[in-house]
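Okay, so here's the structure we're looking at.
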Amino acid sequence: MEKGIVIKSTGSRYRVLSEKGKIFECVIKGKFRVKELRTTNPVAVGDNVIFQEDGNKNTGIITEVLDRKNYILRKSPNLSRESQIIAANIDHLFLMITIILPETPVEFIDRFLITAEAYRIPASIIINKTDLYGPEEKKRMEYLISVYSKIGYECFRLSLKNDTGLELLIDKMKNKITLVSGNSGVGKTSLLNKFDPSLNLKTDEVSDYHKLGKHITTFPEMHKMPFGGYVIDSPGIKGFGVVDMERNEIYHFFPEIFRQSKECRFYNCLHLDEPGCAVRSAVESGAIDPLRYRSYVNILCDDNRKYR
Ligand SMILES: Nc1nc2c(ncn2[C@@H]2O[C@H](COP(=O)(O)OP(=O)(O)OP(=O)(O)O)[C@@H](O)[C@H]2O)c(=O)[nH]1
Ligand SMILES: [Mg+2]
Ligand SMILES: [Zn+2]
């Protein structure tokens, strides 16, 4: 029996990095079920597992998944009620966004952030491709940075083309397990290639016509970093499905709305049109950003289908 960490999962096969630093292609034996959770993949990237070496062909059988510190789920895109575990045991989430090529909508950012809040995983924002930005885009970038840093999310300006902003990120990612998420084409895989050029991972240009990425990365995969720690590259997502949040708890995951809600007249205020709502007053006075408030209302009232 050996212990290892799952670095890639394709649904039926799992690549495991053993504690001794060897790579094994594994399958699972028997049924693993996460309590009260219907998932399409019982073992995910980041899972610590016990496995049985199968001769010396570098294959093995996973016999046990050790307790998870946390995990992130995504609802399966079809209508089934099953979820998919994107990754487990994550120390920090990074959302990579771009102002153009592709353009990341604010509501997408907010859906990501409330998911991180719900899972209690620290999250930060990376704004990549700053080399492409003219005055308009820079203004937009600085606006987003001011909104999100005021709430408490650290923001990083990055250009992989010009190699600016890398040091600060390495500092943050050093010796941790981090997941990089974001739309297709923002540069997640390019970041990993920059950290370790020997990885030589596949990337592709954003389509000229649609200005969207081409979904090049298809499975989450964890990579050991030369500076210590692991970074998980993940497929471009349209959005994070909001998983099992009650309507009346969604605002708990908007930190600034939650703080303000304590001043609302009614304890069960949803901050829509209730009298004495302190959240709406704060939006009017500019203390809460109107785009954030709009995301909140959209998420509250939406059927969740748009950003998935
Ligand atoms: N101009 C510019 N282009 C960049 C930068 N970073 C990445 N790119 C380009 O953006 C394109 C998409 O990069 P990828 O790394 O494949 O994007 P991804 O986020 O991994 O995309 P998916 O795997 O589809 O989710 C590539 O052509 C990169 O060369 C940057 O800082 N500036
Ligand atoms: Mg990629
Ligand atoms: Zn209210």
Side-chain angles (χ1 to χ4, degrees), residues 8 45 74 86 94-104 108 112 125-134 137-138 141 156-166 168-169 179-197 199-208 210-223 231-240 247-252 254 256-285 287-288 292-293 296-297 300:
K8 187 170 187 178
V45 170
R74 175 180 167 233
I86 301 178
F94 286 86
L95 176 66
M96 188 180 273
I97 66 167
T98 44
I99 307 297
I100 45 166
L101 292 166
E103 179 189 344
T104 308
F108 174 89
F112 177 92
I125 299 172
I126 302 171
I127 307 178
N128 189 28
K129 306 199 187 182
T130 55
D131 56 281
L132 297 178
Y133 303 161
E137 289 83 19
K138 283 197 178 121
M141 168 168 81
F156 298 86
R157 299 172 186 81
L158 179 70
S159 165
L160 292 172
K161 190 161 185 193
N162 292 349
D163 281 344
T164 52
L166 276 163
L168 286 173
L169 272 184
L179 174 84
V180 182
S181 191
N183 290 138
S184 178
V186 293
K188 303 177 292 296
T189 305
S190 305
L191 176 66
L192 281 132
N193 280 338
K194 188 65 84 176
F195 284 156
D196 182 356
L199 289 173
N200 206 7
L201 302 166
K202 189 165 187 269
T203 64
D204 199 359
E205 281 167 23
V206 171
S207 133
D208 256 352
H210 295 286
K211 314 276 183 237
L212 293 172
K214 296 173 186 161
H215 291 276
I216 300 303
T217 307
T218 45
F219 290 102
E221 185 169 0
M222 185 178 219
H223 303 278
V231 179
I232 304 169
D233 186 14
S234 60
I237 41 168
K238 288 211 198 73
F240 261 47
R247 279 188 95 227
N248 59 11
E249 67 174 4
I250 290 173
Y251 73 84
H252 295 219
F254 285 79
E256 79 281 33
I257 297 184
F258 183 59
R259 282 192 293 267
Q260 192 65 25
S261 71
K262 296 183 172 125
E263 311 294 324
C264 293
R265 186 179 307 160
F266 300 110
Y267 80 97
N268 57 353
C269 186
L270 281 179
H271 326 301
L272 293 173
D273 44 23
E274 296 90 341
C277 174
V279 170
R280 278 197 13 262
S281 318
V283 175
E284 272 149 38
S285 75
I288 288 178
R292 286 276 290 175
Y293 178 69
Y296 166 68
V297 174
L300 186 71

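All figures in this text were calculated on a predicted structure; none of them were measured in a lab. Counting starts at 1 for both ligands and their atoms, following the listed order.
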Residue part near ligand 1, for K129, under 4.0 Å between non-hydrogen atoms: both
Nearest-0.5 Å distance, CD1 of residue I257 to NE2 of residue H252: 11.0 Å
side-chain contact (heavy atoms from CB on, under 4.5 Å) assessment of L191 paired with L169: CA-CA 10 Å; L191 176 66; L169 272 184; 4.1 Å; yes
Distance, nearest 0.5 Å, that separates OG1 of T130 from CD of E137: 11.5 Å
Heavy atom of the protein closest to atom 20 (O) of ligand 1 (residue, atom name, distance): T189 OG1, 2.8 Å
Heavy-atom pair of closest approach, residues V186 and K129: O-CE, 3.5 Å
Plane angle bin for H271 and Y296 - parallel if under 30°, tilted between 30 and 60°, otherwise perpendicular: tilted
Ligand 1 N/O within reach of L158 N/O, cut-off under 3.5 Å: no
Under 4.0 Å to a heavy atom of S190 - the qualifying atoms of ligand 1, by number: 7 (C), 13 (O), 14 (P), 15 (O), 28 (C)
Angular separation of OG1 (T189) and OG1 (T217) seen from the Mg ion (ligand 2), to 10°: 90°
Heavy-atom gap G182 to ligand 1 smaller than 4.0 Å: no
Nearest-neighbour protein heavy atom for atom 11 (C) of ligand 1, which is reported as residue plus atom name and distance: D204 O, 3.2 Å
Atom 24 (O) of ligand 1: nearest protein contact (heavy atom, Å): S184 OG, 2.6 Å
Identity and separation of the nearest protein heavy atom to atom 19 (O) of ligand 1: K188 NZ, 2.7 Å
Side-chain heavy-atom pair R247, L300 within 4.5 angstrom cut-off: yes
Atom name of the N, O or S atom in H271 that lies nearest to the Zn ion (ligand 3): ND1
Non-hydrogen side-chain atoms of V279 and I288 separated by less than 4.5 Å: yes
Full working for side-chain contact (heavy atoms from CB on, under 4.5 Å) between H223 and V231: CA-CA 5 Å; H223 303 278; V231 179; 5.6 Å; no
Sub-4.0 Å heavy-atom contact, G185 with ligand 1: yes
side-chain contact (heavy atoms from CB on, under 4.5 Å) between T203 and I216, worked out: CA-CA 6 Å; T203 64; I216 300 303; 5.6 Å; no
N, O or S atom of S234 closer to the Mg ion (ligand 2) than 2.8 Å: no
Ligand-side contact atoms (ligand 1) for residue partner S159, heavy atom cut-off under 4.0 Å: 31 (O)
Reported CD-to-OG distance for the pair E256 and S261, which is rounded to 0.5 angstrom: 10.5 Å
Contact atoms of ligand 1, heavy-atom distance to T203 under 4.0 Å: 14 (P), 15 (O), 16 (O)
Metal-centred angle, the Zn ion (ligand 3) as apex - SG of C264, SG of C277, 10° resolution: 110°
Of the listed options L191, T98, D163, D131, closest to atom 32 (N) of ligand 1 (non-hydrogen atoms): D131
Straight-line distance of I125 CD1 to L158 CG, nearest 0.5 Å: 13.5 Å
G236 neighbourhood, listing ligand 1 atoms whose heavy-atom distance to it stays under 4.0 Å: 25 (O)
Under 2.8 Å: N/O/S of S184 next to the Mg ion (ligand 2): no
Nearest non-hydrogen protein atom, atom 17 (O) of ligand 1: G187 N, 3.2 Å
Interfacing atoms of ligand 1 (cut-off 4.0 Å, heavy-atom, L132): 1 (N)
Ligand 1 versus N128: contacting region, heavy-atom distance under 4.0 Å: side chain
Chi angles and distances behind the side-chain contact (heavy atoms from CB on, under 4.5 Å) call for K161, L132: CA-CA 9 Å; K161 190 161 185 193; L132 297 178; 5.6 Å; no
Close N or O approach (V206, ligand 1; < 3.5 Å): no
Nitrogen or oxygen of D233 less than 3.5 angstrom from that of ligand 1: no
Ligand 1 contact on L160 by region, counting heavy-atom pairs under 4.0 Å: both
From L101 atom CG to N128 atom CG, the distance as rounded to the nearest 0.5 Å: 11.5 Å
Numbered atoms and elements of ligand 1 in range of K161, under 4.0 angstrom, heavy atoms: 1 (N), 30 (C), 31 (O), 32 (N)
Numbered atoms and elements of ligand 1 in range of H215, under 4.0 angstrom, heavy atoms: 24 (O)
D131 side, atom CG; Y133 side, atom OH - distance, nearest 0.5 Å: 8.0 Å
Side-chain heavy-atom pair F94, K188 within 4.5 angstrom cut-off: no
